[in-house]
Amino acid sequence: MIKVLFFAFLKEAAGRESMEVEMSGETLADLKKKLSQEYRIENLETVMAAVNEEFAPDDTVLEEGDTVAFIPPVSGG
Amino acid sequence: MNYEITRDKIDIQDVIDKVISRNAGAITTFIGTVRELTHGKKTLHLFYESYEAMAVKKLEEIGREISERWPDAKTAITHRIGKLEITDTAVVIAVSTPHRDDAYKANRYAIERIKEIVPIWKKEYWDDGEEWIGNQKETVAYPDGRPEENELND
């Protein structure tokens, strides 16, 4: 199980702040595709992602128990 | 704890006290506050959200970057989240160094990095609506899913 977190406008677009997705051994790109196709969560291409609280590229392989957070362009400060 | 995310009003002196050092000849303090007018549009209030665990890690990372560039610097950063009113303090950065030029430069470095890598988002509320900042305009895109190396290192 992969835990997925949404923030800011993505949280509103997805209508939830977190969800669990059954997958393992696939990549972050696969997860984005799955969320787009099965859950109609769009615009994931334009945001960064973090795996276990560190920025990660699309080809990162996800393992059971990982937490993936989608990070829209930040606007702190 | 030199790097914090808080829901409470920030005590500026508390942040400054964390960087006091006998080796310091200067402490610079940056206080980021909530502005009423942006390009003529009137903000009623703001809401900040964060991915708190990662945000603290990224603030610590900024502190390490500053220590690499300015080895004698001491840094403390506190960012507030939740609902903030006009004039409220959103972020306080304190940096101490032996000489003033480094303290100014390192402090400026910290706020610019916060705006690049720390997962905190601002929502603006106006009379006629609300919007997460840094989103729909899509002026910042990450085709590879993360900031480019040069963005991370500049």
Side-chain angles (χ1 to χ4, degrees), chain A residues 2-21 23 26-37 40-63 65-77, chain B residues 5 30-35 46-62 77 79-81 90-93 108 110-124 130-149 151-152:
Chain A
I2 306 291
K3 185 164 193 191
V4 181
L5 304 176
F6 301 107
F7 295 96
F9 81 91
L10 265 182
K11 181 162 80 180
E12 293 174 3
R16 61 181 107 195
E17 59 181 36
S18 69
M19 64 190 292
E20 292 190 331
V21 176
M23 66 189 299
E26 294 167 84
T27 65
L28 197 47
D30 294 328
L31 174 64
K32 285 183 177 181
K33 195 188 257 182
K34 189 182 178 79
L35 291 174
S36 169
Q37 288 174 350
R40 306 256 165 201
I41 298 170
E42 308 294 343
N43 299 321
L44 294 177
E45 299 75 21
T46 61
V47 303
M48 292 184 276
V51 176
N52 302 330
E53 300 171 3
E54 187 51 66
F55 290 116
D58 269 357
D59 59 1
T60 304
V61 175
L62 301 174
E63 305 294 347
D66 279 350
T67 296
V68 175
F70 290 103
I71 312 281
V74 302
S75 50
Chain B
I5 302 292
F30 175 82
I31 303 167
T33 58
V34 179
R35 176 181 56 234
L46 294 182
F47 186 85
Y48 282 98
E49 176 178 310
S50 78
Y51 180 13
E52 189 166 341
M54 182 173 169
V56 171
K57 281 187 181 176
K58 289 292 155 188
L59 292 175
E60 290 169 348
E61 186 175 317
I62 292 170
I77 306 172
H79 201 301
R80 186 176 171 188
I81 57 171
V91 60
V92 175
I93 303 167
R108 177 66 190 261
I111 185 64
E112 300 304 331
R113 290 297 276 156
I114 286 172
K115 289 172 179 293
E116 290 169 349
I117 66 165
V118 181
I120 297 174
W121 301 273
K122 173 169 74 175
K123 191 175 195 178
E124 292 206 3
E130 57 192 59
E131 187 179 323
W132 286 103
I133 303 305
N135 59 347
Q136 287 99 335
K137 290 177 196 143
E138 294 185 353
T139 50
V140 184
Y142 301 100
D144 297 329
R146 61 174 175 175
E148 299 296 323
E149 281 302 310
E151 274 184 85
L152 286 174

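Note on naming: letters A, B, ... go to the chains in the order of the sequence lines (proteins, then strands), and numbering restarts at 1 for each one.
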TODO: Determine yes or no for a side-chain-to-main-chain donor-acceptor pair under 3.5 angstrom, with B:Y51 supplying the side chain and A:A50 the backbone.
DONE: no
Open item on the list: Between B:K57 and A:E54, does any NZ, NE, NH1 or NH2 come within less than 4.0 Å of an OD or OE carboxylate oxygen?
Closed with: no
Open item on the list: Checking the side chain of B:W121 only, and the main-chain atoms of A:F7 only, is there a donor and an acceptor separated by less than 3.5 Å?
Closed with: no
Open item on the list: Restricting to non-hydrogen atoms, name the atom on B:M54 and the atom on A:E53 that form the minimum distance, rounded to 0.1 Å.
Closed with: CG-O, 3.5 Å
Task: Region of B:K122 that comes under 4.5 Å of a non-hydrogen atom in chain A - done: both
Open item on the list: Nearest 0.5 angstrom please: B:K123 NZ to A:F9 CZ, how far?
Closed with: 12.0 Å
Task: Contacting moiety of A:L5, where chain B heavy atoms sit under 4.5 Å - done: side chain
Open item on the list: Is B:I114 close to chain A through its backbone or its side chain, or both, or neither, when contacts mean heavy atoms under 4.5 Å?
Closed with: both
- [ ] Please report the shortest heavy-atom distance between B:A90 and A:G77, naming the atom on each side.
- [x] CB-O, 4.4 Å
TODO: First locate atom OG of A:S75, then atom CG of B:L46, and finally report the distance between them rounded to the nearest 0.5 Å.
DONE: 9.5 Å
Open item on the list: Going by the rule side-chain contact (heavy atoms from CB on, under 4.5 Å), which residues pair with A:A13 if we only count those two or more places apart in sequence or in a different chain?
Closed with: none
- [ ] Kindly give the heavy-atom pair with the smallest separation between A:V74 and B:I117, and that separation in Å.
- [x] CG2-N, 4.2 Å
Open item on the list: If we ignore hydrogens and angles and just use 3.5 Å, is the side chain of B:H79 paired with the main-chain N or O of A:G76 as donor and acceptor?
Closed with: no
TODO: Tell me, for A:D59 versus chain B, whether the close heavy atoms (under 4.5 Å) come from the side chain, the backbone, both or neither.
DONE: neither
